[in-house]
Student: 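One structure coming up, written as structure tokens, with questions to follow.
In what follows, chains are A, B, ... by sequence order, proteins preceding strands, each numbered from 1.
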Number of protein chains: 2
Amino acid sequence: MPTSENGSPPVYREIAEELRGQIRSGRYADGDRLPGENTLMEHHGVARATARQALSVLINEGLAVAVRGSGIYVRQFRPLRRHGARRLSKDLWGNGRAIWQTDSDTRGYEVEGLVVDEVVPAEHVLRSLGLDPGNPAVRRSRRYLVEGRPVQSAVSYLSPLLWAGREDSPAAQRIRAPDSGPGGIYARLAELGHAPAHFTEEIRVRMPTPEEAEELALSPGTPVLEVARTALTSDHRPVEFNEITMDGSAYVLQYDFDA
Amino acid sequence: MPTSENGSPPVYREIAEELRGQIRSGRYADGDRLPGENTLMEHHGVARATARQALSVLINEGLAVAVRGSGIYVRQFRPLRRHGARRLSKDLWGNGRAIWQTDSDTRGYEVEGLVVDEVVPAEHVLRSLGLDPGNPAVRRSRRYLVEGRPVQSAVSYLSPLLWAGREDSPAAQRIRAPDSGPGGIYARLAELGHAPAHFTEEIRVRMPTPEEAEELALSPGTPVLEVARTALTSDHRPVEFNEITMDGSAYVLQYDFDA
DNA sequence: GAGTGGTCTAGACCACTGC
DNA sequence: CAGTGGTCTAGACCACTCT
């Protein structure tokens, strides 16, 4: 194919373009089965590899998914809505509700594979927490499912310095326990005198690593959203760093703010 | 390849995995040239198509880019930071500065291909503006470049009802002119008595359409960020809808808010 | 068992880059 | 002009799904 315009596009692109148009126009709806390799070979008089290449374009665009032994299907797409500001308002965790309960519409979240341990976090995590290199942190990892499907995995980091000298307090113990108690981690931080008052979230997009693709059961052509949240006290001390990796096709992020 | 685990992964995946590891470990740095098809064929004793398939994995992951006639190179990645709340504060457009001037660090934006016209917008646009189906709107489209590279394209919609009966006022004329004047569109809206007070932004991710890939000069494996912003007055009337498509590899979005 | 997609081989011609 | 990636053909064997 030429670097820019001029001659006609390669055959496989034209086939892909034709199918793409038919998907967009509604000729093929969500979940419908697309013409397979054999059909495309006949109809367009091309070799198998060329038909495959056309289909791989759609798959890498996230428009279609291949099911082995069955066919190629139009991808379905019904995102969840995640609210930025509203969901972290003190009203919620101040009253014993966990954050993620406000996230999804009527569909409920399930938490899976919660692991709590202590590690020396990566450099960017330490920086966000205002810790020096080599310092340890409590790490809380888990995965969230909606309707049985994994949609995000989250890892939260907290510095043990926040409860130094009070290791045995109920709040400090809960932070290191799988069940963080009513209101979650933020309520415990408040009990320790480190109530979160400000948040900053950084959003990045990229294609998943193979590990992430497996953990979130992503089909090819699905990008991930990476949300890195830092929670700060009213005097702007960082008290938590949370790294969330989300199925990009599963979410719409919403932020509301004033001029 | 097996549906889940068991047997060994296909050859092309192993080759891709090996290269991926070498990229991550720093064995190949940003912009370095990776072993090409011929090299992989020799070293791994595979056919050309298999070597190609391995490389296409990395390319679709956004880790590498192919340059015809030259080689395969490790992708570089240095994102811009786009601030959500801060950049839309009234201090900025209230004083005659355009929004995008606050966006990029030291690198400057250039605006290109500004087009102003009147159209009947898509349904979701009309809904965001609170307009009935079939209503027209002024559309302002443009593209932003950083260091000569296209990074986002934006389309803004405004209802003519906002200046009904005042078509000839300076503000209304500027809104329909390529140069919207000091402070940009939001300053003009304020002059018309529709000063934006609240914003809501919706963020979506997906793989680009071929048209978007061309417009933003995206290399394969690059997702796009879609930011849909609605500007509301203090009495919550929508006055502008802005749809921004961004090179996902070029941006980090940041939002700051309080508990 | 027929049909589907997944992997792989061994060729071919082309357009482009860089020396 | 040698080397690179881009496209394409014509086969092959396999694992899986569906009926």
Student: Could you state the interatomic distance from OG1 (A:Thr222) to CZ (B:Arg206), rounded to the nearest 0.5 Å?
Tutor: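 Answer rounded to 0.5 Å: 13.5 Å.
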
Student: Sequence neighbours left out, what passes salt bridge (Lys or Arg N to Asp or Glu O under 4.0 Å) with A:Glu243? Give chain and number order.
Tutor: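 Listed in chain order: nothing, the list is empty.
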
Student: Among C:dT7, C:dG5, C:dG18, find the nucleotide with the atom closest to the side chain of B:Ser70.
Tutor: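 So the nucleotide nearest the side chain must be C:dG18.
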
Student: Side-chain contact, heavy-atom cut-off 4.5 Å: A:Val111 with A:Tyr144?
Tutor: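 A side-chain contact under 4.5 Å exists here.
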
Student: For residues 56-66 of chain B, pull every pair meeting side chain to side chain donor-acceptor pair (under 3.5 Å), keeping only residues two or more places apart or in separate chains.
Tutor: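 For residues 56-66 of chain B: B:Arg20-B:Glu61.
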
Student: Pair up each side-chain donor or acceptor in residues 33-42 of chain A with any protein partner under 3.5 Å, not counting sequence neighbours, and list the distances.
Tutor:
from	atom 1	to	atom 2	distance (Å)
A:Arg33	NH2	A:Ser70	O	3.3
A:Glu37	OE1	A:Arg48	NE	2.7
A:Glu37	OE1	A:Arg48	NH2	2.8
A:Glu37	OE2	A:Arg52	NH1	2.7

Student: Return the value, rounded to whole Å, for the distance between atom CG of B:Asn60 and atom P of D:dG6.
Tutor: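 To the nearest whole Å, that distance equals 12 Å.
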
Student: Using the test ring pair (Phe, Tyr, Trp, His ring centres under 6.0 Å), find all partners of A:Tyr255 that sit at least two apart in sequence or belong to another chain.
Tutor: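 In terms of ring pair (Phe, Tyr, Trp, His ring centres under 6.0 Å), with neighbours along the sequence ignored, A:Tyr255 is linked to B:Tyr255.
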
Student: Just jot down the side chain to side chain contact (heavy atoms under 4.5 Å, CB included) partners of B:Ala66, sequence neighbours excluded, or say none.
Tutor: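 Expected list: B:Ile59, B:Ile72.
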
Student: Holding to side chain to side chain contact (heavy atoms under 4.5 Å, CB included), I want the full list of residues that pass it with B:Val227, two or more places apart in sequence or in another chain.
Tutor: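 Testing B:Val227 for side chain to side chain contact (heavy atoms under 4.5 Å, CB included), a comparison that skips the adjacent residues, returns B:Arg82, B:Glu201, B:Ile203, B:Ile244, B:Met246, B:Leu253.
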
Student: Please list, by residue number, the residues of residues 37-45 of chain B whose heavy atoms come closer than 4.0 Å to an atom of DNA chain D; answer none if no residue qualifies.
Tutor: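 Here the set is B:Glu37, B:Asn38.
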
Student: Take the C1' atoms of the five end pairs on each side of the helix from C:dG1-D:dC18 to C:dG18-D:dC1, get both axes, and report the angle to 10 degrees.
Tutor: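 Answer for the end axes of this duplex: 10°.
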
Student: Run the side chain to side chain donor-acceptor pair (under 3.5 Å) test against B:His44 and tell me which residues pass, sequence neighbours left out.
Tutor: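 Side chain to side chain donor-acceptor pair (under 3.5 Å) check on B:His44 returns B:Glu18.
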
Student: Strictly below 4.0 Å: does A:Tyr12 bring a side-chain N or O up to OP1 or OP2 of D:dT7?
Tutor: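 Checking D:dT7 against A:Tyr12, a side-chain N or O does come within under 4.0 Å of OP1 or OP2.
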
Student: A:Arg13 has an atom CZ; how far is it from atom P of D:dG6, in whole Å?
Tutor: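 Result: 10 Å.
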
Student: Take A:Tyr73 and A:Val11, find for each the nucleotide of DNA chain D with the closest heavy atom, and name the residue whose nucleotide sits nearer the 5' end.
Tutor: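 Looking at the nearest nucleotide for each, A:Val11 comes out on the 5' side.
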
Student: What parts of residues 46-57 of chain A reach DNA chain C, counting only heavy atoms under 4.0 Å away?
Tutor: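 By residue number: A:Arg48, A:Arg52.
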
Student: B:Thr230: what forms a side chain to side chain contact (heavy atoms under 4.5 Å, CB included) with it, not counting sequence neighbours?
Tutor: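 Once residues adjacent in sequence are excluded, the partners of B:Thr230 under the side chain to side chain contact (heavy atoms under 4.5 Å, CB included) criterion are B:Ser128, B:Thr200, B:Leu232, B:Pro238, B:Phe241.
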
Student: With sequence neighbours left out, write down each residue that passes salt bridge (Lys or Arg N to Asp or Glu O under 4.0 Å) with B:Glu123, or none if nothing qualifies.
Tutor: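 Here the qualifying residues are B:Arg127.
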
